[in-house]
There are 2 protein chains.
Amino acid sequence: MSEGVEWALHCCVVLTVAPQPVPAARLAELHDVSSSYLAKHLQQLARAGLVKALQGGHAGGYVLTRSADEITVLDVVEAVDGTRAAFVCTEIRQRGPVATPPEACTRPCGIAQVMFAADQAWRASLRAVTIAELARGVTKDNGPAAFTGITRWLTKPSEG
Amino acid sequence: MSEGVEWALHCCVVLTVAPQPVPAARLAELHDVSSSYLAKHLQQLARAGLVKALQGGHAGGYVLTRSADEITVLDVVEAVDGTRAAFVCTEIRQRGPVATPPEACTRPCGIAQVMFAADQAWRASLRAVTIAELARGVTKDNGPAAFTGITRWLTKPSEG
DNA sequence: GCAGCATTACTCGGATATAATTTGTCCGAGTACGTCAGG
DNA sequence: CCTGACGTACTCGGACAAATTATATCCGAGTAATGCTGC
C-alpha cells in the first residue's frame, strides 16, 4: 500500500483540530515528510472531495469539507490509493488450450469471487472507522495535551 | 497485488485434479503465461511447503504436499506476496517538531490499529476458503467436463 | 534372459536484465490581504 | 476620512525526473527413466 495513505490519514486527523486552513508545507513540516510529495496526496484528497483547498495570501491552506465523523478511513484510503481492488482477474480460465468457452463465463470465476469478498471485508473494516474516532483515540491515548500542542504549533506565525 | 497470485491459485486448483506431477512448463502452457516467471512463483509455493517439486527425467513436476482442503487461499497468497501486511506504520507521530515522546508510544497508533484490523479481516476472509472449495466451485459452475478436459490434456504425452 | 551401468532427456533452482509503478521534485497559475494614491 | 486600484506574498496545481519494485528471462545443477553391454 502506498505510504502516502499514512500521511494523508495523519493530515486528516490534524485538520480535525486545526482552527484555520493549514498549508501543505506546514503539514509536511509537522510530520517531517517531503513537502512536495505530500502536496500531491493532498491534491488527491481534494479531488475526492474530502478536503477543500483555499488559496490566497495568508489564509490559504487545506480544510476538511465535512465533519470528521462523516469521513471514514476508507474514504481517505480510496482517495489516495484509488478505488480499484487489489486483485484484478485476468480471466485466465479463458486462455490456453483448454480454455473455458466465453459463453460459460457468465459469472466471475471462483478465485475472483473469493478475492472480491476479501476485498469487501477489508473495505468494510476501514469504512467502520471515522477520522473523528481516530482523533478521539489520540486524545484517549496521549491526553488532550497532544492536540493542544499541535494546535499551538499550527497557529505559530511562521517558522521560528 | 502481484499478478502471480492469480497464476498460483489456478495452478493449485489444477494440481488438485492432476493424477501425476505436472511440470512448470506444462502449467504455463495450460494457462498461456510465461513459463519462466510462473516457475518463480511455483518455487515460492515450494518454499512455503504447499507444493513439492519432484525432479527427474519423465516423472518430474509439482505435486500438492497435502490435501486440497488443508490448503487455504491465504496460504497461497502469503506464499507468493509475502506475509507482511500491506500497511506498515512509519511512526509518523514520533517525528517532527511536535513529536509524541517515545515513552508515550507503548501501543501502536490508532491508524496502525485500524489498518491492522482491516488486514486481519482480509486474511480471515481468505483463510475461510480452501483450494478444494475452489475446485468444487469450478465443477459446479462448468460441470465435471472442465476438469476431465484438463486432466486429459495434462496426461497427453507431449505437445501435439 | 537378466543385472549393472553409462547415457540422456527432462526437471527444478537461483542469478540475471527489463518494464512499470511508486516516490520525489520543480516551476507556473491564481487568489486574498495589505498598501497606497486619489477623491 | 473613505474608496478604489495596485502590488505583493503566499497558496495550490499539474508537468517533469529518479528510485524501487514487479515482471520476464536465461543458463547451470540434479534426478529418474532408458537403452545398452556384458555375463
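All chains are named by letter (A, B, ...) in the order of the sequence lines, taking the proteins before the strands, and each is independently numbered beginning at 1.
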- To the nearest Å, give me how far apart CG (Leu54(A)) and P (dC33(C)) are. 11 Å
- Note on the structure: Rounded to whole Å, the CE-P distance (Met1(A) to dA22(D)) equals 14 Å
- Query: Do Val13(A) and Ile131(A) have side chains that get closer than 4.5 Å, going by heavy atoms?
  - Reply: yes
- Would you classify Ala25(B) as touching base, sugar-phosphate or nothing, given that sugar-phosphate means primed atoms plus P, OP1 and OP2, and contacts are heavy atoms under 4.0 Å? nothing
- Task: From the options dA24(D), dT11(D), dC12(C), select the nucleotide whose nearest atom is closest to the side chain of Ala53(B).
- Result: dC12(C)
- Taking only the side-chain nitrogens and oxygens of Arg47(B), find out if one of them lies under 4.0 Å from OP1 or OP2 of dG14(C). yes
- Message: For a quick test of reading the model: is some side-chain N or O of Ser34(A) closer than 4.0 Å to OP1 or OP2 of dT23(C)?
- Response: no
- Return the nearest nucleotide to the side chain of Gln55(A); candidates are dA29(D), dG13(C), dT11(D). dT11(D)
- Task: Output all residues satisfying salt bridge (charged side-chain N to carboxylate O under 4.0 Å, His left out) with Asp81(B), sequence neighbours left out; order by chain, then residue number.
- Result: none
- Message: Please report the distance, rounded to the nearest Å, between OH in Tyr62(A) and C1' in dT31(C).
- Response: 14 Å
- When Leu45(A), Leu50(A), Leu42(A) are each screened for side chain to side chain contact (heavy atoms under 4.5 Å, CB included) with Cys12(A), the one that passes is Leu45(A)
- Task: Could you tell me whether the side chains of Gln94(B) and Thr100(B) share a donor-acceptor contact shorter than 3.5 Å?
- Result: no
- Item | 5' priority, DNA chain C, between Ala46(B) and Gly56(A) [closest heavy atom] | Ala46(B)
- Round to a whole Å and report the spacing from NE2 of His58(B) to C1' of dT8(C). 8 Å
- Task: Using ring pair (Phe, Tyr, Trp, His ring centres under 6.0 Å) as the criterion, list what pairs up with Phe87(B), not counting sequence neighbours.
- Result: none
- Message: Does dT23(C) have OP1 or OP2 under 4.0 Å away from a side-chain N or O of Ser2(A)?
- Response: yes
- Task: Mind running a 4.0 Å heavy-atom check of residues 35-45 of chain B against DNA chain C and sending the residues that fall below it, in number order?
- Result: Lys40(B), Gln43(B)
- Task: List the atom of Val5(B), the atom of Val77(B), and the distance in Å for their closest heavy-atom pair.
- Result: CG1-CG2, 3.8 Å
- Message: For DNA chain D, which residues of residues 70-87 of chain A approach it to below 4.0 angstrom with any heavy atom?
- Response: none
- Query: When all nucleic acid strands are considered with a 4.0 Å heavy-atom cut-off, which category describes Gly4(A): base, sugar-phosphate, or nothing?
  - Reply: nothing
- Atom pair distance, as rounded to whole Å: CD in Glu3(A) and P in dG24(C): 6 Å
- Task: Write down the distance between CZ (Arg26(B)) and P (dC12(C)), rounded to a whole number of angstrom.
- Result: 11 Å
- Query: With a 4.5 Å heavy-atom cut-off, do Ile150(A) and Val14(A) have their side chains touching?
  - Reply: yes
Under 3.5 Å, sequence neighbours excluded: what are the donor-acceptor pairs made by side chains of residues 109-124 of chain B?
| from | atom 1 | to | atom 2 | distance (Å) |
| --- | --- | --- | --- | --- |
| Gln113(B) | NE2 | Pro108(B) | O | 2.8 |
| Asp119(B) | OD1 | Arg123(B) | NH1 | 3.1 |
| Asp119(B) | OD2 | Arg123(B) | NH1 | 2.1 |
| Arg123(B) | NE | Glu78(B) | OE2 | 3.0 |
| Arg123(B) | NH2 | Thr83(B) | O | 3.0 |

- Quick one: salt bridge (charged side-chain N to carboxylate O under 4.0 Å, His left out) partners of Glu91(B), sequence neighbours excluded? Arg93(B)
